[in-house]
*Asks:* 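Sharing a structure, written as structure tokens. Questions coming.
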Amino acid sequence: MLDRAIVRVLPAFPRSLVRRISDRYIAGTTVADACRVVKELNDQGKMATIDVLGEETRSRRETLDIVRAYHDVFEAIERERLDANVSVKLTALGLNLAYELCRANLLKVVRHAGESGNFVRIDMEDSSTTSETLELYRELRDEGLENVGVVLQAYMRRSLRDIHALASLRPNIRLCKGIYVEPPLIAYHDYEEVRRNFIVCLQELLQTGCYVGIATHDEFLISEGKRLVAEHGLTHEQYEFQMLLGVRELAANRLVRDGHRLRIYVPFGEHWYDYSLRRLQENPKIAGYVASDTLNRLFGANSR
Ligand SMILES: Cc1cc2nc3c(=O)[nH]c(=O)nc-3n(C[C@H](O)[C@H](O)[C@H](O)COP(=O)(O)OP(=O)(O)OC[C@H]3O[C@@H](n4cnc5c(N)ncnc54)[C@H](O)[C@@H]3O)c2cc1C
């Protein structure tokens, strides 16, 4: 209860405190920070996907800054021989400014990735962007670009239909539960219903022969994922698990130890605030723990 209350008032906290609480989820503010974290992950047998933080850009110039930042990331990945691809948010590339601007920016990023044999995952954002995101993904594939994948969210009632609509492309899909607040008309809210739809969607994707990034920290879904890939007779190279930086590291290590491919989502950049709030809202316990620890220390200091 207290944890949830703390999370609700987090936006009123000083940014420095939110930063301290959310440190574990973010590699840092620079490409060098991201590279350092990815190297550590690679040394532990984990792959990475690097995200330049910066959703909802407000001008064409800001979108170009994001494109440039991805170019720097590709150069760093090559230079430092990292086992990493990238994840992009279409609102950061200008989706809410103009579809064509976003398309042009996305093309630049995907083509640059292709030059070094790299891959771009298009994150899925809130439901106002779902149709355009899938449309852009299809357009890129229709142009012959293969080094691009997209995300489907198991809480969305439409996801199974989307899988059927995309099936002929044999898409590379990250399947996750979904993090944005959506109305019940379009999204499942019940925890078990989301889990059920996750399994139904995963089954359908594997049946269709898609490469799937099974993105979850939910122990039940991880074991269902293992069961389903075994049932489909897949080798470890034909799928991967995915997790977020700073979340359930013991479970992540277990997956690697058992021989599964695991990719960690590594966000970095100056625009860490919105991402941090979402992560903390997912896990109020962390906010509660760090906030009370900080207050205790402040209180202790004042009382001396
Ligand atoms: C690699 C990756 C990429 C993603 N990309 C997208 C995307 O493009 N679009 C989108 O809408 N969502 C995305 N998500 C977020 C996802 O939709 C879920 O919100 C998130 O993964 C939590 O769901 P879960 O399956 O882990 O299950 P949950 O039931 O939420 O979590 C299971 C357990 O994991 C732990 N846990 C989960 N989250 C946290 C946290 N933040 N801090 C600490 N512990 C935690 C807790 O122990 C929890 O009990 C992504 C997730 C991952 C792993």
Side-chain angles (χ1 to χ4, degrees), residues 3-4 7 10 18 21-27 38 41 46-51 53 55 84-92 95 119-130 133-134 137 148-156 158-159 162 172-182 186-199 201-202 212-225 239-252 254-255 261-267 274-290:
D3 299 339
R4 290 198 179 281
V7 160
L10 266 182
V18 176
I21 299 174
S22 60
D23 237 13
R24 58 187 284 171
Y25 298 125
I26 292 164
V38 170
L41 293 168
K46 298 166 187 162
M47 308 177 291
T49 184
I50 300 177
D51 170 44
L53 291 169
E55 36 208 285
N85 60 32
V86 305
S87 290
V88 299
K89 286 198 170 42
L90 292 188
T91 58
L95 187 61
F119 177 87
V120 177
R121 170 82 54 199
I122 306 171
D123 283 346
M124 187 59 82
E125 300 177 70
D126 70 66
S127 61
S128 69
T129 66
T130 311
T133 300
L134 295 179
Y137 170 71
V148 58
V150 71
V151 177
L152 290 174
Q153 299 150 319
Y155 69 4
M156 292 294 283
R158 60 178 281 173
S159 285
D162 288 330
N172 181 322
I173 298 283
R174 172 196 298 151
L175 181 64
C176 65
K177 285 185 180 173
I179 183 59
Y180 300 87
V181 179
E182 302 292 356
I186 61 169
Y188 299 109
H189 280 199
D190 179 72
Y191 194 74
E192 290 306 325
E193 265 188 312
V194 176
R195 272 181 166 172
R196 235 187 332 270
N197 201 41
F198 193 109
I199 295 168
C201 288
L202 180 55
V212 189
I214 307 168
T216 181
H217 318 92
D218 181 339
E219 207 54 66
F220 171 71
L221 289 180
I222 291 172
S223 78
E224 283 297 286
Y239 66 93
E240 65 190 47
F241 284 96
Q242 298 187 353
M243 290 189 179
L244 300 169
L245 183 66
V247 179
R248 298 214 59 211
E249 279 160 18
L250 291 178
R254 271 199 301 277
L255 280 170
R261 277 151 64 89
L262 174 70
R263 190 177 300 278
I264 304 291
Y265 191 96
V266 177
D274 289 342
Y275 181 86
S276 301
L277 282 190
R278 277 208 305 280
R279 294 283 82 86
L280 292 171
Q281 278 154 0
E282 263 173 342
N283 201 328
K285 274 201 193 103
I286 291 176
Y289 170 72
V290 184

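Just follow the structure's listing: the first ligand is 1, and inside any ligand the first atom is 1. Residues take their numbers from the sequence shown, with the count starting at 1. Since the structure is predicted, the reported quantities are computational estimates derived from the model, not experimental observations.
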*Asks:* Identify, by atom number and element, the atoms of ligand 1 in contact range of Asp123, meaning under 4.0 Å from any of its heavy atoms.
*Replies:*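 So the atoms of ligand 1 that pass are 8 (O).
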*Asks:* For the pair Asp123 and Arg174, evaluate salt bridge (Lys or Arg N to Asp or Glu O under 4.0 Å) and give the outcome as yes or no after the intermediate values.
*Replies:* CA-CA 8 Å; Asp123 283 346; Arg174 172 196 298 151; 2.8 Å; yes
*Asks:* Excluding sequence neighbours, so at least two apart, what forms side chain to side chain contact (heavy atoms under 4.5 Å, CB included) with Asn85?
*Replies:*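 Asn85 satisfies side chain to side chain contact (heavy atoms under 4.5 Å, CB included) with Thr49, Asn118, Phe119, Arg263 only.
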*Asks:* Does any N/O atom on Val247 come nearer than 3.5 Å to any N/O atom on ligand 1?
*Replies:*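 No, no N or O pair falls under 3.5 Å.
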*Asks:* Counting N and O atoms only, with roles assigned by atom type, does the side chain of Tyr155 sit under 3.5 Å from a partner on the main chain of Tyr180, one being a donor and the other an acceptor?
*Replies:*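 Checking the backbone N and O of Tyr180 against the side chain of Tyr155, a donor-acceptor pair under 3.5 Å is found.
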*Asks:* Decide whether an N or O pair under 3.5 Å exists between Leu244 and ligand 1.
*Replies:*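 Among all N and O atoms of Leu244, none is under 3.5 Å from an N or O of ligand 1.
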*Asks:* Out of Ser276, Cys176, Ala251, whose heavy atom sits nearest atom 50 (C) of ligand 1?
*Replies:*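 Heavy atom nearest to atom 50 (C) of ligand 1 belongs to Cys176.
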*Asks:* Between Leu134 and Arg158, does the side chain to side chain contact (heavy atoms under 4.5 Å, CB included) criterion hold? Intermediate values first, please.
*Replies:* CA-CA 12 Å; Leu134 295 179; Arg158 60 178 281 173; 3.7 Å; yes
*Asks:* Does ligand 1 have an atom under 4.0 Å from some heavy atom of Tyr25?
*Replies:*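 Per 4.0 Å heavy-atom rule, Tyr25 contacts ligand 1.
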*Asks:* Under the rule for side-chain hydrogen bond (donor to acceptor under 3.5 Å, both in side chains), what residues qualify as partners of Gln153, not counting sequence neighbours?
*Replies:*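 Residues passing side-chain hydrogen bond (donor to acceptor under 3.5 Å, both in side chains) with Gln153: none at all.
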*Asks:* With side chain to side chain donor-acceptor pair (under 3.5 Å) as the test, would you mind laying out the steps for Tyr191 and Lys177 before giving the verdict?
*Replies:* CA-CA 10 Å; Tyr191 194 74; Lys177 285 185 180 173; 3.2 Å; yes
*Asks:* Please list, in number order, the atoms of ligand 1 under 4.0 Å from a heavy atom of Arg279.
*Replies:*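 Answer for ligand 1: 15 (C), 41 (N).
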*Asks:* Using a 4.0 Å cutoff against the non-hydrogen atoms of Tyr180, which atoms of ligand 1 qualify?
*Replies:*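 That gives atoms 11 (O) of ligand 1.
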*Asks:* Please check whether Tyr155 reaches ligand 1 - meaning an N/O of the residue sits under 3.5 Å from an N/O of the ligand, judged on distance alone.
*Replies:*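 No, since none of the N or O atoms of Tyr155 sits under 3.5 Å from an N or O of ligand 1.
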*Asks:* What heavy-atom pair brings Arg121 and Val150 nearest, and what distance separates the two atoms?
*Replies:*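 Reported closest heavy-atom pair: NH1-O, 3.1 Å.
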*Asks:* Locate the shortest heavy-atom distance separating Met156 from Ser127; write the atom from each residue and the value.
*Replies:*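 Smallest interatomic distance, heavy atoms only, reads CE-CB, 3.8 Å.
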*Asks:* What atoms of ligand 1 come within less than 4.0 Å of a heavy atom belonging to Gln242?
*Replies:*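 Listed by number with element: 1 (C), 53 (C).
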*Asks:* I'd like the name of whichever of His217, Glu219, Lys177 reaches closest to atom 21 (O) of ligand 1 through any heavy atom.
*Replies:*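 Ranked by closest heavy atom to atom 21 (O) of ligand 1, first place is His217.
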*Asks:* How does Gln153 reach ligand 1, by side chain, by backbone, by both or by neither, if only non-hydrogen atoms under 4.0 Å count?
*Replies:*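 Only the side chain of Gln153 comes within reach of ligand 1.
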*Asks:* Does any N or O atom in Met124 lie less than 3.5 angstrom from one in ligand 1, N or O only?
*Replies:*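 Among all N and O atoms of Met124, at least one is under 3.5 Å from an N or O of ligand 1.
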*Asks:* Looking at non-hydrogen atoms alone, which of Glu125, Arg174, Arg121 comes nearest to atom 5 (N) of ligand 1?
*Replies:*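 Selected option, by shortest heavy-atom distance: Arg174.
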*Asks:* Counting only N and O atoms by type, is there a donor-acceptor contact under 3.5 Å from the side chain of His217 to the main-chain atoms of Glu249?
*Replies:*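 Not at all, since once roles are kept as given, no pair shorter than 3.5 Å links the two residues.
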*Asks:* Based purely on interatomic distance, does Arg248 place a nitrogen or oxygen under 3.5 Å from a nitrogen or oxygen of ligand 1?
*Replies:*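 There is no such contact.
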